[in-house]
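Quick caveat, the model's predicted, so the values are computed rather than measured. Both ligands and their constituent atoms are indexed starting at 1 by order of listing. Residue indices begin at 1 and follow the sequence shown.
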Amino acid sequence: AARAGQERFEELIAADSRVEPRDWMPEPYRKTLVRQVSQHAHSEIIGMQPEGNWISRAPSLKRKAILMAKVQDEAGHGLYLYSAAETLGTPRDEMFDQLYTGRAKYSSIFNYPARTWADVGAIGWLVDGAAITNQVPLCRASYGPYGRAMVRICKEESFHQRQGWEILYTLSHGTEEQHQMAQDAVDRFYGPALQMFGPPDSDSPNSGQSMAWNIKRFSNDELRQRFVDMIVPQSEALGLTLPDPELQWNEERGHYDFGALDWDEFFSVLKGNGPLSRQRLEHYRRARDEGAWVREAAAAYAGRQHQEQAA
Ligand code: FAQ
């Protein structure tokens, strides 16, 4: 039976078709997906913090309502992704515990602070922009529940990117001080946003196998290049500069060349030494501890309902 399963799995992958939860799959495929999908879910949940911090300080009621909706979307994305990961056999509580105890990874970008209102714009434009560039190809990921979750997530991310763009556009065309605030935010988020795509291909141990399994469709560097090519004209339209003196159109390649990123900083953030790594985890733990009574009460209520129905 295992051999038939293996053959069928290989046929599905070769036909660029979808693997579903009840299909046989090799253990390393399952493990890779749980790793990537749970890290992605944790990123959405921890990613609520930098912007959540600005909800009470948004500059108008309208902007506050929009930001609240965006942060709620992120919670929703985390929930669909935990559900997709659960179909692979890892219980949600186990994933929560991995994050709680600091054993789980989440995107490096969320360890940086959102210092000003302009940072909320830069997060929308650059961080959600990078997220879409990375996630559109994941809509075709070979694992069905992950690919399908990605479709809705990408639609919502496009709205997020537009709201970020609009915040930066307004600031960039406001007073000199506002323009400077927008420029500072872009200066701070540009490098870390480019690092969201992961280490350079030469240093990406998982890419080869994930691409062979049709989970990833493009390499980290290919997507990073696609993103740079997209944001250069957008930055011009915003009237803001990207902080890289080596950024230049390369006629021969048909792409923008860009300078080296600070990979020492990236790997240090991955080890838990980002500017706000400790605070992000502490905040998550506090929220989880403070919400324990709600989960207990809901479970007790469900248990009582169940007993009453049985009686
Ligand atoms: N941060 O061999 P590779 C969002 C790790 S968007 C931290 O290249 P892979 C939306 C990697 O896990 C952000 N760790 O790995 C939002 C691996 O470690 P491991 C979330 C990183 O998997 C916007 C090691 O380095 N998006 O949340 C990072 O083939 C605004 C070696 O790397 C996703 O997760 C990083 N940046 O490629 C929310 C997308 N990069 O596990 C709120 C789905 C790499 O072996 C506000 N994920 N690592 O110990 C992916 O596409 C892939 O997992 C990559 C990494 C491309 C991130």
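Taking only non-hydrogen atoms, the option from Phe267, Phe218, Tyr106, Phe266 nearest to atom 28 (C) of ligand 1 is Phe266. Of the listed residues (Glu51, Gln36, Lys216), the one carrying the non-hydrogen atom nearest atom 55 (C) of ligand 1 is Lys216.
Contact check on Arg226 versus Glu222 returns no salt bridge, with no Lys/Arg side-chain nitrogen under 4.0 Å from an Asp/Glu carboxylate oxygen.
Residues His42 and Tyr82 place their aromatic rings such that the two centres sit under 6.0 Å apart. Ring centers of Phe189 and Tyr112: at least 6.0 Å apart, outside the cut-off.
Between Leu238 and Ser172, the shortest heavy-atom distance links the atoms O-OG, 2.6 Å.
Aromatic ring pairs are classed by plane angle as parallel below 30°, tilted from 30° to 60° and perpendicular above 60°; the pair Phe266 and Trp263 is perpendicular.
For ligand 1, the polar-atom distance check against Leu270 finds no nitrogen or oxygen pair separated by under 3.5 Å.
The protein atom (non-hydrogen) at minimum distance from atom 4 (C) of ligand 1 is Glu44 OE2, 3.8 Å. At the top of the distance list for atom 18 (O) of ligand 1, counting protein heavy atoms only, stands Lys105 NZ, 3.2 Å. In terms of protein heavy-atom proximity, atom 40 (N) of ligand 1 is nearest to Gly198 CA, 3.2 Å. At the top of the distance list for atom 35 (C) of ligand 1, counting protein heavy atoms only, stands Ser108 OG, 3.6 Å. Closest to atom 51 (O) of ligand 1, if we only count protein heavy atoms, is Asn134 ND2, 3.0 Å. Summary of contacts: the protein heavy atom closest to atom 45 (O) of ligand 1 is Asn206 ND2, 3.2 Å. Ranking protein heavy atoms by distance to atom 44 (C) of ligand 1, first place goes to Pro199 CD, 3.6 Å.
The closest approach between a heavy atom of His160 and any atom of ligand 1 is not below 4.0 Å. In this structure, Met48 has no heavy atom closer than 4.0 Å to ligand 1.
Inspection of the Ser204 and Asp201 side chains reveals no N or O donor paired with an N or O acceptor under 3.5 Å.
If you take CD1 on Ile231 and OG1 on Thr133, they are separated by 8.5 Å, rounding to the nearest 0.5 Å.
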